[in-house]
Amino acid sequence: MLGVIGDIVQDVVVWLQEPVRPATDTRSEITMTRGGSAANVAAFAGTRYPTRFIGCVGDDLAGVTLTREMESHDVDVRCQVADSTGMIVVLINDQGERNMFPSRGASGQLHSIDPQWLDGIELLHITGYSLQGDPTATSVIEAAQTVKAQGKMLSFDVSSTGMIDFFGIDRFKDLMRELRPDFVSANEDETKYMDLANGDEPGDFLADLPGTTLLARAGKDATKVFTEGKLHAVVPVRPVKNPRDMTGAGDAFNAGFLASYLRHRDVVRATEDGHGLARRVLYSPGATEPREGELTEDN
């Protein structure tokens, strides 16, 4: 089973239909979807591999709705309940670029979890976003330590350079050295900032993670896979025509990769499957997939 622990929030996605008109109405299209990097990964993976999500929702209608939505993706949901459900307003312009306004709410209130919630997990996925503050940060780290102590696998998404700065880059690196993740997923900016890789060359910090496979993502450009401190494969990305929304594309890649890897144990195939799922998400609002028949080979 794939385990995912971390944030779950309600996304309010605002598509601008025209430039913002200050102090008056601006035409827009607004949708509400499930959000939170960890929850997105679990939801995308749920129909592809047995998946459990661990997090915290509010004692409110949004918490109930999000739990049911996750379960609709065949996810085994284990959530604590506290305060109000977190929310993120995502403002998207006509180029598909986004600005986000987060309020973490209950996602920041995850306390130490029931050890039984980790039973049966082969690989646990965590995100840097979960390290924004306690008690969630400590609870996620404890879960990762437990999984590694049991000889199970760990995946770590760096999340953002801003998150690294918030946590502290030296502290962030120390945590990665301690946790020894089997997989690290990071975009081009994050790999350079962490000195994990620069182009085809491994970075100095990657040498501190000898058992780690690095998935160095680069958007529309090829993903570079590093194993044992060296470049293992360059996996091209199929071109995408007219993407609608980039929200959740990185989470979809991680879900596709992890579900495929757990099924086939092939990092190149898993990377290709991650690309395929991320591509689907680019054509749908928020962190969602198109319905059957909405995505064609012409996209």
For [X] and [Y], which heavy atoms make the closest approach, and how far apart are they?
| X | Y | value |
| --- | --- | --- |
| Val234 | Ala222 | CG1-CB, 3.5 Å |
| Ala249 | Ala278 | O-CB, 3.5 Å |
| Asp266 | Val268 | OD1-N, 3.1 Å |
| Ala45 | Leu2 | CB-CD2, 3.7 Å |
| Ala143 | Ile5 | CB-CD1, 3.9 Å |

Under a single-linkage definition using a 4.5 Å side-chain heavy-atom cutoff for Ile, Leu, Val, Met, Phe, Trp and Tyr, are [X] and [Y] assigned to the same hydrophobic cluster?
| X | Y | value |
| --- | --- | --- |
| Val267 | Met153 | yes |
| Leu231 | Phe257 | no |
| Met100 | Ile164 | no |
| Val81 | Leu110 | no |
| Phe183 | Val158 | no |

Sequence neighbours excluded, which residues qualify as side chain to side chain donor-acceptor pair (under 3.5 Å) partners of [X]?
| X | answer |
| --- | --- |
| Asp200 | Lys224 |
| Glu178 | Gln145 |
| Thr138 | Asp134 |
| Thr223 | His275 |

Carefully, step by step, assess Leu131 and Ile141 under the rule side-chain contact (heavy atoms from CB on, under 4.5 Å).
-> CA-CA 8 Å; Leu131 304 178; Ile141 291 169; 4.1 Å; yes
Below 4.5 Å, heavy atoms only, C-beta onward: do [X] and [Y] meet side chain to side chain?
| X | Y | result |
| --- | --- | --- |
| Lys152 | Thr146 | no |
| Val41 | Asp157 | no |
| Arg104 | Thr136 | yes |
| Glu272 | Val235 | yes |
| Arg180 | Leu154 | no |
| Pro135 | Gln109 | yes |

Please report the interatomic distance [atom1]([X]) to [atom2]([Y]), rounded to the nearest 0.5 Å.
| X | Y | atom1 | atom2 | result |
| --- | --- | --- | --- | --- |
| Leu277 | Asn254 | CG | CG | 10.0 Å |
| Glu69 | Glu71 | CD | CD | 10.0 Å |
| Ile8 | Ser107 | CD1 | OG | 7.0 Å |
| Leu179 | Leu175 | CG | CG | 4.0 Å |

Return the set of residues passing side-chain contact (heavy atoms from CB on, under 4.5 Å) with [X] (not counting sequence neighbours), or none when no residue passes.
| X | result |
| --- | --- |
| Pro102 | Ile88 |
| Ala42 | Val4, Thr51, Phe53, Met70, Val75 |
| Asp60 | Ala62, Ser84, Thr85 |

Measure centre to centre between the rings of Phe172 and Phe156, then say whether the value is under 6.0 Å.
-> yes
Qualifying salt bridge (Lys or Arg N to Asp or Glu O under 4.0 Å) pairs, either residue in residues 246-259, two or more places apart = none
Which residue pairs pass the salt bridge (Lys or Arg N to Asp or Glu O under 4.0 Å) test when at least one of the two sits in residues 77-89, sequence neighbours left out?
->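 Of all non-adjacent pairs touching residues 77-89, those that pass salt bridge (Lys or Arg N to Asp or Glu O under 4.0 Å) are Asp76-Arg78.
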Where at least one partner belongs to residues 202-217, residue pairs that pass side chain to side chain donor-acceptor pair (under 3.5 Å), sequence neighbours excluded = Arg177-Asp208, Ser185-Arg217
Whichever hydrophobic residues join Leu91 through chains of side-chain contacts under 4.5 Å |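 Noted: Leu91 shares its cluster with Val12, Val14, Leu16, Val20, Ile30, Met32, Met87, Val89, Phe101.
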Within 45° cone and under 6.0 Å: Arg34 NZ/CZ vs Phe44 ring = yes
Does [X] reach the main-chain N or O of [Y] with its side chain, forming a donor-acceptor pair under 3.5 Å?
| X | Y | value |
| --- | --- | --- |
| Arg263 | Arg48 | yes |
| Glu190 | Asn187 | yes |
| Gln17 | Arg27 | no |

Please list every donor-acceptor pair under 3.5 Å in which a side-chain atom of residues 111-127 meets a protein atom from a residue at least two apart or in another chain.
{"residue": "Ser112", "atom": "OG", "partner": "Glu142", "partner atom": "OE1", "Å": "2.9"}
{"residue": "Asp114", "atom": "OD1", "partner": "Gln116", "partner atom": "N", "Å": "2.9"}
{"residue": "Glu122", "atom": "OE1", "partner": "Tyr49", "partner atom": "OH", "Å": "3.3"}
{"residue": "Glu122", "atom": "OE1", "partner": "Arg265", "partner atom": "NH2", "Å": "3.4"}
{"residue": "Glu122", "atom": "OE2", "partner": "Met1", "partner atom": "N", "Å": "2.3"}
{"residue": "Glu122", "atom": "OE2", "partner": "Tyr49", "partner atom": "OH", "Å": "2.7"}
{"residue": "His125", "atom": "ND1", "partner": "Ser155", "partner atom": "OG", "Å": "2.8"}
{"residue": "Thr127", "atom": "OG1", "partner": "Tyr129", "partner atom": "N", "Å": "3.4"}

Could you walk me through whether Val184 and Met194 pass the side-chain contact (heavy atoms from CB on, under 4.5 Å) test, one step at a time?
-> CA-CA 11 Å; Val184 169; Met194 291 286 293; over 6 Å; no
Start with the C-alpha gap between Leu196 and Leu209, add the side-chain angles, then the distance that decides, and say whether side-chain contact (heavy atoms from CB on, under 4.5 Å) holds.
-> CA-CA 9 Å; Leu196 287 163; Leu209 306 171; 4.0 Å; yes
